[in-house]
Amino acid sequence: MAYHLDLFAIFIFLGIVQAVFLSLFFFSKENRKIEANVYEGLMVLSMAACTFEIFLCYTGYILKCLWLVDFSEPLAFVIGPAFYLMVISLVQGKTNKTRYYHFIIPLVWLLIEIPFFIQSSDVKFNAWIGAYHPPGLAFRETRANFFNVPHHSELILIQLITYTVMGLTATINAFRKKNESFLRTRHATFMKLRSHAVQIVFVIVLFVVVKLLNRDDMGDHLFAAYISIPIYLISFQIIRQSGFFKQPSLVEQQKYKGSSVTAEQQQQLLRRLMETMGNDKPFLRPDFSLPDLADQLHVTVHLLSQVINEGLGKSFFEMTAEYRIREAKRLLKEQVNIKIEEIAEQVGYNSKSSFNTSFKKITGMTPSEWRG
């Protein structure tokens with residue numbers, strides 16, 4: 001049999017590579033401290049496993065590794081729970097102790113599939129051509145009888161829809177609670193919730209359309225190609241929020257040698273800086289950075305850094321931390337029923353540990369002690 005490589009196959013394969021690459025960042029030592037990152041990484045990795053099997057079956061390379069036939073089915077049941085738990089983590093700061101119950105179905109499905117996994121290559125071959133119907137290939141004779149659950153695609157779809165509805169309900173309630181506009185929000189967390197909600201709904205719609213219009217699994221390559229798109233979008237969002245492309249040059253990092261800014265100009269910029277930080281509160285954004293603030297004030301990074309260092313006697317990061325903790329102190333007193341994790345998120349911190357460290361460094365006490 002000739003292997004089938006086309007634009008769909010290449011697009012799918014690159015999405016798989018990108019997903020695996022992304023998961024390394026989600027599960028890194030620092031990032032996995034944030035619970036939402038763990039669930040998002042698990043969701044991305046499960047999607048990658050499903051698309052990898054589709055890629056193998058679509059191209060015919062599954063013939064080189066028949067033992068991988070249907071290997072991703074248990075992981076398909078992980079996508080829904082991972083999405084829902086990611087949403088809950090973003091909304092509530094963390095999930096409760098019952099989170100492990102959501103992964104019972106994938107575990108049960110894995111146990112059900114074990115009799116099939118230990119079958120011969122001939123059985124796996126027949127399962128593949130029975131689903132994808134590659135031209136020119138016939139079923140192999142085999143005496144093996146094994147139990148295989150029918151309509152697994154329908155079961156996966158039902159479970160995915162159930163968890164999507166649960167996740168969308170939590171997302172909508174979060175928007176209403178904070179009086180945020182679903183379409184016009186500029187809050188980083190709400191934008192992430194909105195993005196994932198839209199993407200998961202499109203995944204379900206496409207899944208249904210593909211299964212209705214194609215025999216068995218013959219249209220799965222269309223579904224896999226679409227799944228690659230959210231993976232690319234997640235990569236784009238991460239790169240966009242990264243400070244990698246906003247690093248100052250070595251010349252700018254020097255202590256303002258040869259700077260021609262006058263004391264009056266410095267005071268004017270300092271007043272504008274204080275007004276912006278006090279009125280617009282850009283420091284509440286998790287991705288707040290010196291280059292972004294410089295753009296907002298229409299000055300160079302070099303000049304703004306000089307004004308902060310010389311005018312305030314501190315670095316940009318120290319200034320940002322002080323503004324965030326000042327806001328947190330107010331919220332801790334005014335919103336006594338709000339969890340500390342949520343307060344930390346509201347003032348721009350992605351993790352409770354970073355928030356606690358900064359709070360104690362500036363105030364000399366923990367957020368819990370301050371709240372009393």
Side-chain angles (χ1 to χ4, degrees), residues 1-27 40-80 82-83 106 109-110 113 116-117 119 121-137 140 148 152-157 160 199-200 202-236:
M1 171 186 169
Y3 298 115
H4 183 201
L5 285 175
D6 56 12
L7 288 177
F8 276 110
I10 295 172
F11 190 78
I12 293 169
F13 179 75
L14 292 177
I16 295 167
V17 174
Q18 188 68 39
V20 174
F21 182 70
L22 276 176
S23 66
L24 296 177
F25 287 93
F26 283 122
F27 294 129
E40 187 168 5
L42 188 59
M43 181 178 69
V44 169
L45 204 57
S46 298
M47 292 167 64
C50 294
T51 52
F52 180 58
E53 183 180 345
I54 294 173
F55 169 80
L56 292 175
C57 293
Y58 176 68
T59 59
Y61 281 105
I62 194 68
L63 289 172
K64 297 289 186 180
C65 46
L66 287 169
W67 54 276
L68 287 176
V69 171
D70 288 348
F71 88 94
S72 67
E73 282 191 9
L75 292 173
F77 286 98
V78 172
I79 297 174
F83 165 75
W109 196 268
L110 175 62
E113 286 288 310
F116 175 77
F117 290 154
Q119 294 298 315
S121 296
D122 290 339
V123 172
K124 306 290 183 61
F125 177 86
N126 289 343
W128 169 56
I129 66 172
Y132 282 83
H133 309 284
L137 294 179
R140 295 175 181 175
N148 193 17
H152 66 277
S153 295
E154 289 84 349
L155 294 174
I156 292 172
L157 180 61
L160 185 59
Q199 290 169 12
I200 199 74
F202 272 105
V203 165
I204 292 175
V205 171
L206 188 65
F207 187 94
V208 173
V209 171
V210 167
K211 290 301 179 183
L212 288 176
L213 298 180
N214 294 272
R215 179 185 176 190
D216 296 321
D217 295 339
M218 293 181 67
D220 280 6
H221 64 287
L222 300 173
F223 177 66
Y226 176 78
I227 286 182
S228 299
I229 295 176
I231 293 173
Y232 291 131
L233 290 176
I234 293 172
S235 302
F236 175 76

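Numbers here are sequence positions counted from 1. The structure presented is a predicted model; accordingly, all values stated were derived computationally and were not measured.
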A side-chain contact here means heavy atoms from C-beta on lying under 4.5 Å apart; do Ile234 and Glu40 qualify? yes
Quick check with a 6.0 Å cut-off and a 45 degree axis cone: is Lys124 positioned over the face of Phe117's six-membered ring? no
If you measure from CG on Leu137 to CH2 on Trp128, what distance do you get to the nearest 0.5 Å? 5.5 Å
Can you sort out the partners of Tyr226 under ring-ring contact (aromatic ring centres under 6.0 Å, His included), two or more places apart, ordered by chain and number? none
Quick check: are there more than 12 heavy atoms from other residues, nucleotides or ligands sitting under 6.0 Å from CZ of Phe27? yes
Using side-chain contact (heavy atoms from CB on, under 4.5 Å), reason through Phe207 and Leu160 one step at a time and then give a plain yes or no. CA-CA 10 Å; Phe207 187 94; Leu160 185 59; 5.9 Å; no
Give me the atom names and distance for the closest heavy-atom approach of Ser228 to Gly15. OG-CA, 3.9 Å
Short question: side chain of Glu53, backbone of Val69 - any donor-acceptor pair under 3.5 Å? no
Counting heavy atoms not belonging to Phe25, are there more than 12 under 6.0 Å from its CZ? no
Minimum heavy-atom distance Cys50-Ile79, with the two atoms named: SG-CD1, 4.3 Å
Does a side-chain heavy-atom distance below 4.5 Å link Phe11 with Ile229? yes
With a sphere of 6.0 Å drawn around CZ of Phe13, does it hold more than 12 non-hydrogen atoms of other residues, nucleotides or ligands? no
Closest non-hydrogen atom pair between Phe8 and Ala225, with its separation: CD2-CB, 3.8 Å
Between Phe26 and Leu42, is the side-chain contact (heavy atoms from CB on, under 4.5 Å) condition met? List the steps. CA-CA 9 Å; Phe26 283 122; Leu42 188 59; over 6 Å; no
What is the distance from atom OG1 of Thr51 to atom CD1 of Ile231, rounded to the nearest 0.5 Å? 5.5 Å
Rounded to the nearest 0.5 Å, the OH atom of Tyr132 sits from the CD1 atom of Ile62 at a distance of 8.5 Å
Holding to ring-ring contact (aromatic ring centres under 6.0 Å, His included), I want the full list of residues that pass it with Phe52, two or more places apart in sequence or in another chain. none
Does Leu22 form a side-chain contact (heavy atoms from CB on, under 4.5 Å) with Ser235? I'd like the steps, not just the answer. CA-CA 7 Å; Leu22 276 176; Ser235 302; 3.3 Å; yes
Spacing of CD belonging to Gln199 relative to CD1 belonging to Ile227, to within rounding of 0.5 Å: 11.5 Å
Do Cys65 and Leu56 come close enough that some side-chain heavy atom pair is under 4.5 Å? yes
For the atom pair CZ (Phe55) and CD1 (Ile10), what is the distance rounded to the nearest 0.5 Å? 9.0 Å
Return yes when atom CG of Leu7 has more than 12 non-hydrogen atoms of other residues, nucleotides or ligands closer than 6.0 Å, and no otherwise. no
Is it true that a side-chain atom of Tyr61 and a backbone atom of Tyr3 form a donor plus acceptor pair closer than 3.5 Å? no
Can you give me the closest heavy-atom contact between Ile12 and Ala224, atom names plus distance? CD1-CB, 3.7 Å
Begin from the C-alpha positions of Leu110 and Phe77 and carry the test side-chain contact (heavy atoms from CB on, under 4.5 Å) through to its verdict. CA-CA 10 Å; Leu110 175 62; Phe77 286 98; over 6 Å; no
With rounding to the nearest 0.5 Å, note down the distance linking CG in Asp70 to CD in Gln119. 12.0 Å
